[in-house]
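Everything numeric in this text was worked out from a predicted model, so none of it was measured. Order of the sequence lines fixes the chain letters, A, B, ..., with proteins taken first and strands second; residue numbering starts at 1 for each chain.
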Protein chains: 2
Amino acid sequence: MYSLAEENYIKAIFHLQQQKKGAVSTNAIADSMETKASSATDMVQKLADKKVLSYVKYKGAQLTQEGRKTATTIIRKHRLWEVFLVDKLKFHWDEVHEIAEQLEHIHSTELIKRLDNFLGNPAFDPHGDPIPDEHGNFIKTEKKLLSQLKKTQFGVCVGVKESSPEYLQYLDKKKISIGTKINVLGKEFFDGSMVIEVGRDQFFISKKIAENLYVQTQ
Amino acid sequence: MYSLAEENYIKAIFHLQQQKKGAVSTNAIADSMETKASSATDMVQKLADKKVLSYVKYKGAQLTQEGRKTATTIIRKHRLWEVFLVDKLKFHWDEVHEIAEQLEHIHSTELIKRLDNFLGNPAFDPHGDPIPDEHGNFIKTEKKLLSQLKKTQFGVCVGVKESSPEYLQYLDKKKISIGTKINVLGKEFFDGSMVIEVGRDQFFISKKIAENLYVQTQ
DNA sequence: CATATTTTTTAGTCTAGACTAAAAAATATG
DNA sequence: CATATTTTTTAGTCTAGACTAAAAAATATG
Ligand SMILES: [Mn+2]
Ligand SMILES: [Mn+2]
Ligand SMILES: [Mn+2]
Ligand SMILES: [Mn+2]
């Protein structure tokens, strides 16, 4: 049983490892946890003692099998609770992250088993992120960033890379959600901006918008 | 915003005040929190600084308006989550307490508002305890302990005073749950034991069983 | 009502998890 | 490749919330 702080670190390290292969630096961990590097070093040393991760001074940390198992369980809980909040309690997709950040730490395997069932064993959370199964396996989906599409290509929105309320509210305003079809009408080489078509609307989006939206093509 | 430890103390003090009017001793708090008296004194002093309660050295603690508000909000959350676990996730009434003990600390007023609605604004939890409204008001019910009934009287089970798995499982075995009608066929003056009728079954119960079950008469 | 007993508080420690400042190692640069 | 810069760790502190042992206050008792 890990403490709240330990769980949050384990999850953060898992996500950092997804982004870039190899060991994660204590500085990167500190940044993502919004804490100081010395605090991250401290915690990483404690987690290494507990065999949650392997740690080589000045080289960084890597989760062990046990660490990855713990991380995926937390992520599973986080995403299942997000589904509950959106599907059952009718929260909007931009409102659920902070609450799920708390709910993911409730300890009860029976609870999560029953919740999963109650929700109909969903495969994706409201932001399009896959929900790992009890063994920590993720469904692999072929997705790319909207920014990777070329003029005249199209894709279906399957997720968001960034899920801040600001970004999600922007997408709402533009009527983009999971499942929305997006046509790329034009793309500016200079700044990566695009003109896209969503439903009957055509509009301009910046590179920043395009590179935070996942789409499935073909 | 109070810490997990503070919230648990505040709730415990509220419950102790319900049982017996007047100030609650730090020893009683320590007992109910399963901690040492010195730890309870420490925490009570901190909560007094925060105006959650008034505290007179060697006399004990009493929650302020603010303290009572906080306590009833936690109790409201605890009981609503219990309803969720039993009604929606089909947990048994003896399995939910420990999980609700964690869930009651999730901070989000919007969440609890929506949960209440989702559950159909229940008035009682699975153990028959009233769920306070947003303002902290409890429904007052006329209930007495089964042990207070005399021979030939009857009552309908409306709640339990003790809600340990052991006790609840005993009640299950005897087919007693919220709403069950109980006839007192006999009562032993010497030890307070009773012979009761539940449905078609007649059996003996000890005083300890009888004084942990709430019934409504008339 | 003086003294023994019980209850409650205080003083001093410990651990988890944060922080700052300084030291040490790794990396970048002329 | 010697030195400057950046990254990372270490040493030392702090706070919340626990603990033990001792002191002090309240209460019980002959
Ligand atoms: Mn979290
Ligand atoms: Mn999500
Ligand atoms: Mn609790
Ligand atoms: Mn209950």
Side-chain angles (χ1 to χ4, degrees), chain A residues 1-14 16-17 19-63 67 70-71 74 101-102 104-105 107, chain B residues 1-14 16-17 19-63 67 70-71 74 101-102 104-105 107:
Chain A
M1 191 96 102
Y2 299 101
S3 72
L4 183 75
E6 288 172 332
E7 289 194 347
N8 282 328
Y9 271 98
I10 292 168
K11 192 178 63 149
I13 294 167
F14 182 89
L16 288 168
Q17 280 194 309
Q19 285 170 222
K20 207 158 55 73
K21 284 295 157 201
V24 178
S25 77
T26 49
N27 256 16
I29 296 168
D31 275 2
S32 116
M33 292 295 294
E34 293 185 32
T35 185
K36 294 298 157 84
S38 53
S39 306
T41 301
D42 249 32
M43 182 56 96
V44 162
Q45 287 170 344
K46 270 182 268 179
L47 292 176
D49 289 347
K50 296 192 180 185
K51 313 284 185 212
V52 167
L53 48 79
S54 63
Y55 165 60
V56 182
K57 255 192 190 181
Y58 295 102
K59 292 289 178 188
Q62 274 184 291
L63 293 180
T70 304
I74 301 165
E101 203 56 49
Q102 299 177 58
E104 71 190 1
H105 303 288
H107 291 286
Chain B
M1 191 93 103
Y2 299 101
S3 72
L4 183 75
E6 287 172 332
E7 289 194 347
N8 282 328
Y9 271 98
I10 293 168
K11 192 178 63 148
I13 295 167
F14 183 90
L16 289 167
Q17 280 193 309
Q19 286 172 221
K20 206 157 56 73
K21 282 296 158 202
V24 177
S25 78
T26 49
N27 255 15
I29 296 168
D31 277 1
S32 115
M33 290 296 294
E34 295 185 31
T35 185
K36 293 299 156 84
S38 54
S39 306
T41 302
D42 248 33
M43 181 55 96
V44 162
Q45 288 170 344
K46 268 182 268 179
L47 292 175
D49 290 346
K50 296 193 179 185
K51 312 285 185 212
V52 168
L53 47 79
S54 63
Y55 166 60
V56 182
K57 253 193 193 181
Y58 295 102
K59 292 288 178 190
Q62 274 183 293
L63 293 180
T70 304
I74 300 166
E101 202 56 48
Q102 300 176 59
E104 70 189 2
H105 303 289
H107 291 286

Let me know, please, whether A:Met43 or A:Tyr58 comes out on the 5' side of the other along DNA chain C by nearest nucleotide. A:Met43

Any strand counts, and the cut-off is 3.5 Å on both contacts for Watson-Crick or G-U wobble. Which nucleotide pairs with C:dT8? D:dA23

Please give the nucleotide sitting opposite C:dT15 as a Watson-Crick or G-U wobble pair, both distances under 3.5 Å, or none. D:dA16

Contact class for A:Thr41 vs. all strands (heavy atom < 4.0 Å): base, sugar-phosphate, or nothing? base

Does any non-hydrogen side-chain atom of B:Leu47 lie less than 4.5 Å from one of B:Tyr55? no

Could you give the start and end, 5' to 3', of the contact zone on DNA chain D for chain B, using atoms under 4.0 Å from its heavy atoms? D:dA16 to D:dA26

Rounded to the nearest 0.5 Å, how far does CD of A:Glu34 lie from OG of A:Ser39? 13.0 Å

Judged by each residue's nearest nucleotide on DNA chain C, which is more toward the 5′ side, B:Ala28 or A:Lys50? B:Ala28

Given B:Asp49, B:Val52, B:Ile29, the one that forms side-chain contact (heavy atoms from CB on, under 4.5 Å) with B:Val44: B:Ile29

Using a cut-off of 4.0 Å on non-hydrogen atoms, how would the nucleic acid contact of B:Thr26 be classed: base, sugar-phosphate, or nothing? sugar-phosphate

Is A:Glu101 close to A:Lys11 at the side-chain level, that is, under 4.5 Å between some pair of heavy atoms? yes

Taking the side chain as every heavy atom from C-beta outward, state whether B:His105 and B:Asn8 have any atom pair closer than 4.5 Å. yes

Interatomic distance, CE@A:Met43 vs CE@A:Met33, rounded to 0.5 Å, equals 7.0 Å

For A:Ser25, answer base if it contacts any base atom (sugar-phosphate contacts may also be present), sugar-phosphate if it contacts only those atoms, and nothing otherwise; contact means non-hydrogen atoms under 4.0 Å. sugar-phosphate

Heavy atoms only, 4.0 Å cut-off, all strands: where does A:Ala37 land among base, sugar-phosphate and nothing? base

